[in-house]
Peer 1: 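Once you've had a glance at the structure underneath, I'll fire off some questions.
For ligands, and for the atoms within them, numbers begin at 1 and follow the listed sequence. What you see is a predicted model; the values in this text were computed from it and never measured. Only heavy atoms go into these numbers, but all of them, side chains included; no hydrogens, no water, no symmetry mates.
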Amino acid sequence: MDFAFDARTEELRNKLLTFMDEHVHPAEKTADEQRALLASPWDTPQIVEDLKAEARRQGLWNLFLPDAEYGAGLTNLQYAPLAEITGRSPQLAPTALNCAAPDTGNMEVLFQFATDDQKKQWLEPLLAGEIRSAFAMTEPEVASSDATNIETRIVRDGEDYVINGRKWYISGAMNPDCRIFIVMGRTATADDPDGPDIRRQQSMILVPRDTPGLEVRRAMQVYGYEDHYHGGHAEVVFNDVRVPAANLIGEEGGGFAIAQARLGPGRIHHCMRLIGMAERAIELMCKRAVSRTAFGKPLAQQGVVQNWIADARVTVEQLRLLVLKTAWLMDTVGNRGAHTEIQSIKIATPRAVVDILDRAVQLHGAGGVSQDFPLAELWAAARTLRLADGPDEVHQRSLARREIKRYV
Ligand SMILES: Cc1cc2nc3c(=O)[nH]c(=O)nc-3n(C[C@H](O)[C@H](O)[C@H](O)COP(=O)(O)OP(=O)(O)OC[C@H]3O[C@@H](n4cnc5c(N)ncnc54)[C@H](O)[C@@H]3O)c2cc1C
């Protein structure tokens, strides 16, 4: 078994590490300063646009998309270590490379399922980094971890569909550059005994932001943060929103299957970025431990601190191997074949990284919970990934059922 990265990955890793040192990390403070001066905190600071232009110029662009014509043509195994590096600066780096969620998942959906016209209108500007997008599935009124509960209605009316419903935690929607929503709703209901199966009642449809009746109502908070860098997480109301029937993605009733297809690559991207976040936490822990003295000796000489750092390193090495194995399986046997591993990394990574970040916060004392270090915000971001893209328990349920099935 060869654990080395191939030549292309190594070349891109080196390029990206240099880009992070020369452009992204120095921009972190500037981005905060520029945002404080913007008319709205949801607007994009100029430095983010500058980073995008520089990344594109250097060929560090759309690395997430395996298709060589539309994207960089990398396998999951090649992209995974690059996503990890961007995780060291999750507010800026993924956006700079046009590799940020939820755009990546949305671009994959459009790439796989959209018509040529839909691709021209929405995929091309997304790939060019000219607009942003949102994915609207979760609803405050129903347990949305079970997608069959979704209540938003998408009703055919002549040449149009009419959409009514309320969504929340719709990432990216507060950013005015977010021009297009992929909305999941019901084109059929359970009322009709002759109607389609429960997993064929949902559909996905494209809704441009400026369509009458679409209201981005408010920004939901995440542990008190508004998450400006990711365009927030909005409550969005659809009130008699009318779009042409040609905006449907795929066929009526195909929404559930598209949602499943969207999540495989997205999960591995999140997990690799989380590992990058953990690496940053370890680095900050070590720097803090050697620079602070308490009770007569540097914190680095306290056994408990050494244990935290050692445990964090062991955990990160284990997680990385599991995530890379998953990436390799996705490339070789497909997302279906990698089902157990995709569930495993989605369960294991966020909770382990939350623990590492929590220890890093502890080691930094009050500074750890403050705005002067990235740790508190990273902790909040990592913690939400135990919910976003499906709660841990749903993945545990599905993984366990597969394991048990082999014995019945
Ligand atoms: C920061 C953030 C960003 C998000 N971005 C988006 C987005 O862009 N678009 C979007 O549509 N949604 C988004 N979400 C929503 C997210 O996908 C949902 O919160 C998630 O799917 C859970 O749905 P729910 O909140 O309705 O919880 P519920 O479905 O009500 O579940 C609540 C809890 O019940 C338990 N539970 C549920 N099912 C089971 C089970 N089978 N076994 C055991 N326990 C179970 C779990 O503990 C779960 O956490 C985001 C959420 C967050 C926090």
Peer 1: Hey, could you give me the CG/CG distance between L82 and L60, rounded to the nearest 0.5 Å?
Peer 2: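 Between atom CG of L82 and atom CG of L60 there are 8.5 Å.
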Peer 1: Can you see which heavy atom on M285 is nearest to which on L363, and at what distance?
Peer 2: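 Looking at all heavy atoms of both residues, the closest pair is O-CD2, 3.4 Å.
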Peer 1: Identify the two heavy atoms, one from A72 and one from W61, that lie closest to each other, and give their separation to 0.1 Å.
Peer 2: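 Shortest heavy-atom separation between A72 and W61 comes out as CB-O, 4.2 Å.
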Peer 1: May I have a table of the N/O to N/O pairs between ligand 1 and the protein that fall below 3.5 Å, each row giving the two atom names and the distance to 0.1 Å?
Peer 2:
unit_1	atom_1	unit_2	atom_2	d
ligand 1	5 (N)	Y169	O	2.9
ligand 1	5 (N)	S171	OG	2.8
ligand 1	8 (O)	S171	N	3.0
ligand 1	8 (O)	S171	OG	3.3
ligand 1	9 (N)	F135	O	2.8
ligand 1	11 (O)	M137	N	2.8
ligand 1	11 (O)	T138	N	2.8
ligand 1	11 (O)	T138	OG1	3.2
ligand 1	12 (N)	T138	OG1	2.6
ligand 1	23 (O)	S145	N	3.4
ligand 1	26 (O)	S144	N	2.9
ligand 1	29 (O)	S144	N	3.2
ligand 1	29 (O)	S145	N	3.0
ligand 1	29 (O)	S145	OG	2.5
ligand 1	47 (O)	E393	OE1	2.9

Peer 1: Between T152 and E139, is any side-chain donor less than 3.5 angstrom from a side-chain acceptor?
Peer 2: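 Yes, because at least one side-chain N or O of T152 sits under 3.5 Å from a partner of the opposite role on E139.
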Peer 1: Go through the side-chain N and O atoms of D50 and Q46 and say whether any donor and acceptor fall under 3.5 Å apart.
Peer 2: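 Side chains of D50 and Q46: pair found under 3.5 Å.
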Peer 1: List the residues meeting side chain to side chain contact (heavy atoms under 4.5 Å, CB included) with D21, not counting sequence neighbours, and say none if there are none.
Peer 2: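 For D21, the residues satisfying side chain to side chain contact (heavy atoms under 4.5 Å, CB included) (neighbours in sequence not counted) are H25.
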